[in-house]
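The sequence lines fix the lettering, A, B, ..., with proteins before strands; numbering per chain opens at 1. The structure presented is a predicted model; accordingly, all values stated were derived computationally and were not measured.
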Protein chains: 2
Amino acid sequence: MTLTPLPSAFDLDSQTLRLLAAVAEYGSITRAAGVLGFSQPALSQQIKRVEARIGMPLVTRAGRGIRLTDAGLVIARHAATVLAALESASGELADLAGLRSGQVRLSAFPSASSTIVPQLIRSMGEEHEGVRFTYLEAEPPEAIAAVRDGAIDIAIAFRHPADRDDPFAAGSEGLVVHELARDELLLLVPHGHAALPRPSGPEHPTPSAAPQPASPTAVDLAALRDETWIAGCPRCRAHLLDSCARSGFAPTIAFETDNFVAVMRMVAEGLGVALLPALTITASPLPPGVAAAPTTSGDHRMIVAVTRPGADRIPAVGETMRILRRLTARPDDAPRLPPRLDRSRV
Amino acid sequence: MTLTPLPSAFDLDSQTLRLLAAVAEYGSITRAAGVLGFSQPALSQQIKRVEARIGMPLVTRAGRGIRLTDAGLVIARHAATVLAALESASGELADLAGLRSGQVRLSAFPSASSTIVPQLIRSMGEEHEGVRFTYLEAEPPEAIAAVRDGAIDIAIAFRHPADRDDPFAAGSEGLVVHELARDELLLLVPHGHAALPRPSGPEHPTPSAAPQPASPTAVDLAALRDETWIAGCPRCRAHLLDSCARSGFAPTIAFETDNFVAVMRMVAEGLGVALLPALTITASPLPPGVAAAPTTSGDHRMIVAVTRPGADRIPAVGETMRILRRLTARPDDAPRLPPRLDRSRV
DNA sequence: GCTCTCCATAAGCCGACGTGATGGATCCGG
DNA sequence: CCGGATCCATCACGTCGGCTTATGGAGAGC
């Protein structure tokens, strides 16, 4: 008989519930408006707008004040439920913001897996227990691609100064590259090799005031032009060729492996010499009989972290980046990075 | 160490949850925007605004599309709860609008309690089972006051044409007065009283085509100027005086009671004559030996319903008013109102 | 390499919503 | 019985949020 005016579609808003809950609680539009933080006319006509939208009065005048209608009571009654749920969501957001929860998806190259990464995760765990990590070991190109398509939040990668183009200029387009630390490329030669300078003076060098490019014990690559070389992964191999070229020769490469432990043992066995990042030596101690030394040309790679722009605004990710920078920026706090030269003797 | 940016106060809005739930469901801002019914940029920058407000990204680009962050997932996850609660409230509003629930607080004067009111409540109950009633018998001034201060939704009252002032012009200020029906004031006299016209013609008069002001069997008040009168409640007494005055005499009032059953019995016992509204006779049949007749001067009262302005926009109240008008407007559908003269013989 | 799709951004417009001032009605105390 | 205090409704006005259309850039698939 009577047409139902609207089948449903009373599009309620949490703000509407908040308003009516306040009116119900304080029994007065004026006081509710005061508590909610705006003027009485604002609340008054806001209620009127809602009434117009749903087609029913929500309040009626009663004496000097007002009274909620059935419809108004319905809305006020549901307010607690809705506002509690919103509060719950808000609390979870606060947990994320306060680093009491959250997740960071991390990827890094192999030698970082056993050095930077465990340190980083442990440090975060100490300060922010609720933040969870996932980790996937991957070579820089793959790790960066994973950042690009959103599968990874932070990729720890490296970049050789020479290749301004290949995996980075192309791959990191639109991403943010944070330079973390310089990782020296060290020559690995059998102990007592002729190219090594004699240990002049005391065994422990001046601990801190060592100039960067030419370390006291640096070796000139050119002195090894006639050696047999052991190369690493394809990218490392390319960089070896480049470094040698800048020293004026083309190395004779007899062995290739991306397994840096194998490289060290090959050097120990006298099969050849190699150029390895210091971090790999931190990851796995040099076998006996192998010495490491920087090059006079200051060969190195940069360890970087790659993220999407704005990723640091995700609290857990931003904090992880902060800690990552702290760990890699201060060798004193983080004794394993960059490794000290004299540890090559261990 | 890290300052929590905001202790809480992530003021979420149900709209925000709706948006992110849609984005989570459809995996794309464009599609979610389509489903939600607005353009892609609208949704895009609405999300951006929320991000700026809560200080965390909610979505990140992933390849061609997007991916929700932890924060985005939190919000989307809570959406179901909040939207379900809103839907529940909306459903209750729909029940109110569809007259499947609701409440009407009714008040009426005594003789309506046993005539109009039960009929009204029964009719509503037949058509709209969910609507509940409360009822409070009260004389018009009190009933109207109750409407005024919001304790009653509909007051059924009456008004004499003479007193344009006392309980109405003053009491119904700012209220809406709906005229429902004319209620004739009938003279009650002992059967066979001299003032009664002889029953001319058949016992059953023409059922419908009776002219309003002067019914065929009408009696001139002036013929009863020397009778002893029985008066009703104070307001009725005032009106009796007024009617008699307009007929040119002042009645001799020997008895006063607002109990109309008592009035009838007094007339039956020959203690005097009275002027009673037809509705009271409907409420309680005339005792044997009493005849009723309208006056030639067409004395009557108006039965009215009084509500607050806009009260008819409350669905249950509006529908009650509709039914009330229907019951009182059509004597054929509502045979008890106004009462037929020939029923005074019963 | 071309095209299609998806998201981000810019410019512009309109309506929602806030404030302050004012008026009417009610309640209360003198 | 009257004047002050309180509460709500209304009005006029200014601002800002938010939507739209148009456009650009980046990624994915053929």
Side-chain angles (χ1 to χ4, degrees), chain A residues 11 13 15-16 18-20 22-23 26-53 57-69 72 144-151 169-176 308-310, chain B residues 11 13 15-16 18-20 22-23 26-53 57-69 72 144-151 169-176 308-310:
Chain A
D11 51 336
D13 186 311
Q15 180 65 3
T16 300
R18 216 186 305 272
L19 300 181
L20 282 174
V23 171
Y26 297 106
S28 138
I29 291 184
T30 299
R31 270 197 289 166
V35 171
L36 294 171
F38 34 59
S39 67
Q40 170 262 319
L43 182 50
S44 199
Q45 57 199 17
Q46 191 153 345
I47 291 174
K48 178 168 294 256
R49 275 191 295 270
V50 176
E51 288 177 340
R53 200 173 61 226
L58 299 177
V59 299
T60 64
R61 300 214 54 159
R64 181 162 57 175
I66 49 133
R67 213 182 56 83
L68 291 181
T69 64
I144 290 172
V147 170
R148 148 147 296 108
D149 56 49
S172 62
E173 182 80 27
L175 300 182
V176 182
R308 302 192 65 91
Chain B
D11 52 335
D13 186 311
Q15 181 65 4
T16 300
R18 216 186 305 271
L19 300 181
L20 282 175
V23 172
Y26 297 106
S28 140
I29 292 184
T30 299
R31 270 197 289 166
V35 172
L36 293 170
F38 34 60
S39 67
Q40 170 263 317
L43 182 49
S44 198
Q45 56 199 17
Q46 190 152 347
I47 291 174
K48 178 169 292 256
R49 276 191 295 271
V50 176
E51 288 177 339
R53 201 173 61 223
L58 299 177
V59 298
T60 64
R61 301 214 53 158
R64 180 162 58 174
I66 49 133
R67 213 181 56 83
L68 292 181
T69 65
I144 290 171
V147 170
R148 149 148 296 108
D149 56 51
S172 61
E173 182 81 25
L175 300 181
V176 183
R308 301 192 66 89

Gap between atoms [atom1] and [atom2], on [X] and [N] respectively (whole Å):
| X | N | atom1 | atom2 | answer |
| --- | --- | --- | --- | --- |
| B:Q15 | D:dG18 | CD | P | 9 Å |
| B:R308 | D:dA9 | CZ | P | 10 Å |
| A:E51 | D:dA9 | CD | C1' | 12 Å |
| A:I29 | D:dT6 | CD1 | P | 18 Å |
| A:L58 | D:dC8 | CG | P | 15 Å |
| A:R64 | D:dC8 | CZ | C1' | 11 Å |
| A:I47 | D:dA9 | CD1 | P | 8 Å |

Would a distance-only check, ignoring hydrogens and angles, find a side-chain to backbone donor-acceptor pair under 3.5 Å from [X] to [Y]?
| X | Y | answer |
| --- | --- | --- |
| B:R53 | B:D11 | yes |
| B:R31 | B:Y26 | yes |
| A:R148 | B:G63 | no |

Could you check which of [options] has an atom nearest any side-chain atom of [X]?
| X | options | answer |
| --- | --- | --- |
| B:R49 | D:dG18, D:dC8, D:dG27 | D:dG18 |
| A:P41 | D:dC8, D:dA22, D:dC11 | D:dC11 |
| A:S44 | D:dA9, D:dC19, D:dG27 | D:dA9 |

Quick one: how far along DNA chain C does chain A reach, first to last nucleotide 5' to 3', anything under 4.0 Å to a heavy atom? C:dC17 to C:dC27

When you match A:D149 and B:Q46 each to their closest nucleotide on DNA chain D, which lands nearer the 5' end?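 First, find each residue's nearest nucleotide; the 5'-ward one identifies B:Q46.
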
Identify, between A:G65 and B:R61, the residue whose nearest nucleotide on DNA chain D lies closer to the 5' end.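 It is A:G65 whose nearest nucleotide is closer to the 5' end.
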
Closest approach of A:V59 to A:E51 (non-hydrogen atoms, all atoms of both residues): N-OE2, 3.2 Å

Heavy-atom pair of closest approach, residues B:A62 and A:D149: CB-O, 3.5 Å

Any non-hydrogen side-chain atom of B:L43 less than 4.5 Å from a side-chain atom of B:V23? yes

Rounded to the nearest 0.5 Å, how far apart are [atom1] of [X] and [atom2] of [Y]?
| X | Y | atom1 | atom2 | result |
| --- | --- | --- | --- | --- |
| B:I29 | B:I47 | CD1 | CD1 | 4.0 Å |
| A:R64 | A:S28 | CZ | OG | 10.0 Å |
| B:L58 | B:I66 | CG | CD1 | 10.0 Å |
| B:R61 | B:R67 | CZ | CZ | 13.5 Å |

Side-chain donor/acceptor of B:Q40 to base of D:dT21, under 3.5 Å: no

Which residue lies more 5' along DNA chain C, comparing A:F38 with B:V59 via nearest heavy atoms: B:V59

Walking DNA chain C from its 5' end, the first of B:I66 and A:G37 to be reached, judged by nearest nucleotide, is B:I66

Between A:K48 and D:dT10, does any side-chain N or O lie under 4.0 Å from OP1 or OP2?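 It does, given that an N or O in the side chain of A:K48 lies less than 4.0 Å from OP1 or OP2 of D:dT10.
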
What's A:S28 touching, base or sugar-phosphate or nothing? Going by heavy atoms closer than 4.0 Å. sugar-phosphate

If we fit an axis to the first five pairs and another to the last five of the helix from C:dG1-D:dC30 to C:dG30-D:dC1, what angle do they make, to the nearest 10°?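 So the angle between the two local helix axes works out to 30°.
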
